[in-house]
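Okay, structure first, notes after.
We name chains A, B, ... by the order of the sequence lines, and we start the count at 1 in each one.
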2 protein chains.
Amino acid sequence: MEVLMGHPLTDDLGFLLSRASGAVVRATNTALAGHGLRVRQYSVLVLACDAAEGVTQRELADVLGLDPSQVVLLVDELAGRELVERRPSEADRRTRLVLATAAGRALREAAERDATAAVEAPLGLLADAERDRLRDVLTRIWTAAG
Amino acid sequence: MEVLMGHPLTDDLGFLLSRASGAVVRATNTALAGHGLRVRQYSVLVLACDAAEGVTQRELADVLGLDPSQVVLLVDELAGRELVERRPSEADRRTRLVLATAAGRALREAAERDATAAVEAPLGLLADAERDRLRDVLTRIWTAAG
DNA sequence: TATTGTTATACTCTATAACTATA
DNA sequence: TATAGTTATAGAGTATAACAATA
């Protein structure tokens, strides 16, 4: 492996980003597996839980950076397990609000604890200030790409 | 979308990491498409080009964070287009060294220019010092996850 | 005309297991 | 026994296009 140290590729931010992201997602998925969730389903569940009035699927797609057609499937899956439900919006009959059920909220709490703990393996040695900076930089990358 | 601003999920480093990574990979893939490459094939090509003595597939798997079985397919693809070739190692007859051909080197140069330019959209507003810090942090995340 | 949600489809990526040939 | 490479397969993620209902 000696020949590959300090290589241009291993200095490439895109490469480093996807490799680090993959590692963290893998760790999170492992932690969520016991709850029958994966990161994408979990993300939808969390957003539904925290939106008192419900979230539209369009909003979910925008925040998560997914195509609306993918959101349909994720919500289908969660709804099938009765972790969320779709409720027609009164203001706009095209939209359907996604809301968490009591079971969904309970599962989210348990899953969140495990997910948070698991991510400490790859992220544990980052100081609070570094986390804040990383958060800021990643958000700016996302915004600039939008 | 108002209800989702400053939300716990959008502060989660794992979530931010995968969203930012996705954006950069998407931009890179778009830039590489004209060369008939995607990031993974491109990464293998770059590493093969820069290893004068060739790289083993095991080394590629370790650096890229991929399973060896995935590397086989990536190298097959590049070899099929005669961008790299497999040469048996004299030291260890189990290993096969991957080396870039002249065509592979030429394609890498052209592809690298486009990929670098494309990534400036999402990463352009990061100052040099920020890039260095980000590089460092992402490398540490990968190392800690290893 | 534009937007929300939906269905369908094809392709890429990821994860595993099992096998071979060499060490 | 362990390692490098290979084959095969299934599941998850991504990317598009087209459509109905509603705005």
Worksheet entry | B:Arg86 vs D:dA4: side-chain N/O to OP1/OP2 distance below 4.0 Å | no
Item to complete: Measure the distance from CG on B:Asp76 to P on D:dT6 and round it to the nearest whole Å.
Response: 7 Å
Discussion item. With heavy-atom distances below 4.5 Å as the criterion, would you say the side chains of B:Leu16 and A:Arg135 are in contact?
Written reply: yes
Discussion item. Just so I know, are the side chains of A:Ser18 and B:Val24 near enough to count as touching, which here means a heavy-atom distance under 4.5 Å?
Written reply: no
Worksheet item: Which whole-number value in Å describes the distance from B:Glu59 CD to D:dA4 C1'?
Response: 11 Å
Worksheet item: Does any non-hydrogen side-chain atom of B:Val39 lie less than 4.5 Å from one of A:Phe15?
Response: no
Discussion item. If we check side chain to side chain contact (heavy atoms under 4.5 Å, CB included) with B:Leu97, which of these qualifies: B:Thr56, B:Val55, B:Asp92?
Written reply: B:Thr56
Discussion item. Closest approach to the side chain of A:Arg93, judged atom by atom: which nucleotide of D:dT22, C:dT6, D:dA4 is it?
Written reply: D:dT22
Worksheet entry | Nucleotide nearest B:Pro68 when distance is taken to its side chain, options D:dA4, C:dG5, D:dT6 | D:dT6
Worksheet item: So does A:Arg94 get a side-chain nitrogen or oxygen closer than 4.0 Å to the phosphate oxygens (OP1/OP2) of D:dA23?
Response: no
Worksheet entry | Carboxylate-amine/guanidinium contact A:Arg131 A:Glu120, below 4.0 Å | yes
Worksheet item: Is B:Arg96 touching bases, backbone alone, or none of the nucleic acid, heavy atoms closer than 4.0 Å?
Response: sugar-phosphate
Worksheet item: Roughly, in whole Å, what's the span from CG in A:Leu64 to P in D:dT14?
Response: 11 Å
Discussion item. What is the separation between atom CG on A:Leu37 and atom C1' on D:dA12, rounded to the nearest whole Å?
Written reply: 15 Å
Discussion item. Can you measure A:Arg58 atom CZ to C:dA2 atom P for me and round it to whole angstrom units?
Written reply: 14 Å
Practice prompt. Pick out which of B:Gln70, B:Arg96, B:Arg86 makes a side chain to side chain donor-acceptor pair (under 3.5 Å) with B:Gln57.
Written response: B:Arg86
Worksheet entry | Qualifying side chain to side chain donor-acceptor pair (under 3.5 Å) pairs with a residue from residues 137-146 of chain A, counting only residues at least two apart or across chains | A:Asp136-A:Arg140, A:Arg140-B:Glu130
Practice prompt. Could you check how far CD of A:Gln57 sits from C1' of C:dT4, rounded to whole Å?
Written response: 8 Å
Worksheet item: Over how many whole Å does the gap from B:Glu90 atom CD to C:dT22 atom P extend?
Response: 16 Å
Protein and nucleotides 13-16 of chain C: nitrogen or oxygen contacts under 3.5 angstrom:
from: C:dC13; atom 1: OP1; to: B:Arg38; atom 2: NE; distance (Å): 3.2
from: C:dT14; atom 1: OP2; to: B:Arg40; atom 2: NH1; distance (Å): 2.5
from: C:dA15; atom 1: OP2; to: A:Arg26; atom 2: NH1; distance (Å): 3.3
from: C:dT16; atom 1: O4; to: B:Ser69; atom 2: OG; distance (Å): 2.9

